[in-house]
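Notes for the one structure printed next.
Below, each value reflects all heavy atoms present in this structure, side chains not excepted, and no hydrogens, waters or symmetry copies.
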Amino acid sequence: MSRVVLVTGGGTGIGAAVARLLAAGGDQVVVCGRREAPLRDVAAATGARAVVADVSEPAGIARVVDETIAAHGRLDGLVLNHGIIHVGRVDEVTPEQWEETLRVNLTSPFLLVRAALPHLLAARGAVVAVSSVAALRAADGMAAYSASKAGLQMLVQSLAVDHGRDGLRANAVCPGWTATEMGDAEMAELGAARGLSVADAYRLATAVVPQRRAARPEEVAAAVGWLLSGAASYVNGVVLPVDGGSCVVDPGTLALDPRVTVDLTSG
């Protein structure tokens, strides 16, 4: 019997790559998100079922879970891939931006897991959350996003502890820079400030990443697919960086890298 997997944020980027991978392997995939056009494109290309729903709201959560069960009668896997970013330091992020980030990136996955949990437990299924290296290492101006994604990882690990005895597995992946629509937009902003193309901005952003490049969405999707699969049957509560090795770089040695320059006059 093929599995039924629900992928949030499934219209573009990593979510769409996960949908393509799972559908190619014979799974029944449901993709959801707020924008209808990209969801329809993924559905047309993969045979996935598209559900237009805002899972940051309780009504959207109920709709996507109910439609999945009505269409397929079961739920074996849940990929938590939706999220937002508000850039700013602690003194720059507004309380409203902080609240929205936590609501979308942390509270929404919690509520979605709660709604899906009876079905996942019945199937002895798996949850994979798409977190970020920003949850593992602090970066300038990423306070709200990093905090929300770190909370998401602990939610996943709590699921693993609370329900591992019931047959549920829950894990997270932490992508680094990935060449998605969102990544391209961030590179366009970085490049505009420095007179660089998007391609050159990616090269700059990944200059000290050991693999010297951004990830392809399919590479992150492959890690998600493995964690959902029986090949990872004894992998539970893991937070897996998919970052080309960026998290293992020692920042204290970057001054020895001839490609790195530092303005010693800055405060």
Side-chain angles (χ1 to χ4, degrees), residues 1-84 103-130 152 155-156 158-160 162-173 221 224-230 232-233:
M1 177 184 296
S2 63
R3 298 176 304 176
V4 177
V5 183
L6 169 59
V7 182
T8 70
T12 59
I14 293 170
V18 170
R20 290 192 295 268
L21 175 74
L22 297 178
D27 291 325
Q28 301 296 311
V29 181
V30 178
V31 291
C32 73
R34 291 179 294 182
R35 294 185 295 151
E36 182 174 3
L39 289 174
R40 299 300 179 197
D41 290 343
V42 171
T46 65
R49 182 179 184 86
V51 179
V52 180
D54 182 355
V55 293
S56 70
E57 300 292 341
I61 291 171
R63 179 180 178 186
V64 71
V65 173
D66 289 347
E67 288 200 22
T68 299
I69 299 305
H72 299 290
R74 60 185 291 127
L75 180 59
D76 301 274
L78 173 61
V79 179
L80 300 166
N81 178 63
H82 61 288
I84 62 168
R103 177 174 60 83
V104 175
N105 294 0
L106 182 55
T107 302
S108 166
F110 163 71
L111 294 174
L112 184 52
V113 165
R114 277 180 57 91
L117 195 56
H119 309 291
L120 291 167
L121 292 178
R124 299 180 71 85
V127 175
V128 179
V130 179
L152 177 63
L155 171 63
V156 165
S158 295
L159 270 174
D162 289 346
H163 294 289
R165 73 199 74 177
D166 305 317
L168 181 75
R169 294 185 303 107
N171 297 286
V173 297
V224 173
W226 177 71
L227 288 170
L228 287 170
S229 76
S233 58

Applying the side chain to side chain contact (heavy atoms under 4.5 Å, CB included) criterion to V79, which one of V173, T8, L228 satisfies it?
L228
Run the side-chain contact (heavy atoms from CB on, under 4.5 Å) check on V51 and R63 step by step: do they pass?
CA-CA 8 Å; V51 179; R63 179 180 178 186; 4.2 Å; yes
R103 meets the salt bridge (Lys or Arg N to Asp or Glu O under 4.0 Å) criterion, sequence neighbours left out, with E57
The criterion is salt bridge (Lys or Arg N to Asp or Glu O under 4.0 Å); which residues satisfy it with R40, sequence neighbours excluded?
E36
So, for [X] and [Y], which heavy atoms are closest and what is the spacing to 0.1 Å?
| X | Y | result |
| --- | --- | --- |
| G11 | P38 | O-CB, 3.5 Å |
| G83 | N105 | CA-OD1, 3.1 Å |
| L39 | G10 | CD2-C, 4.0 Å |
| G9 | N81 | O-ND2, 3.0 Å |
| S56 | V104 | CB-CG2, 3.9 Å |
| L22 | G225 | CD2-CA, 4.5 Å |

How would you list, by chain and number, every residue that makes a side chain to side chain donor-acceptor pair (under 3.5 Å) with [X], sequence neighbours excluded?
| X | answer |
| --- | --- |
| T68 | none |
| H163 | D166 |
| R3 | D27 |

Residue list, side-chain contact (heavy atoms from CB on, under 4.5 Å) with A129, at least two apart or on another chain
L80, L152, V156, A172
Take V30 and V5 through the side-chain contact (heavy atoms from CB on, under 4.5 Å) test and state the conclusion after the steps.
CA-CA 6 Å; V30 178; V5 183; over 6 Å; no
Should R124 and L168 be marked as a side-chain contact (heavy atoms from CB on, under 4.5 Å) after you check the CA-CA gap, both sets of side-chain angles, and the distance that decides it?
CA-CA 5 Å; R124 299 180 71 85; L168 181 75; over 6 Å; no
So do the side chains of [X] and [Y] get within less than 4.5 Å of each other, counting heavy atoms only?
| X | Y | result |
| --- | --- | --- |
| R49 | Q28 | no |
| R169 | L159 | no |
| V65 | H119 | yes |
| C32 | V55 | yes |

If only atom types and distance count, is the side chain of N171 paired as donor or acceptor with the main-chain N or O of L227 below 3.5 Å?
no
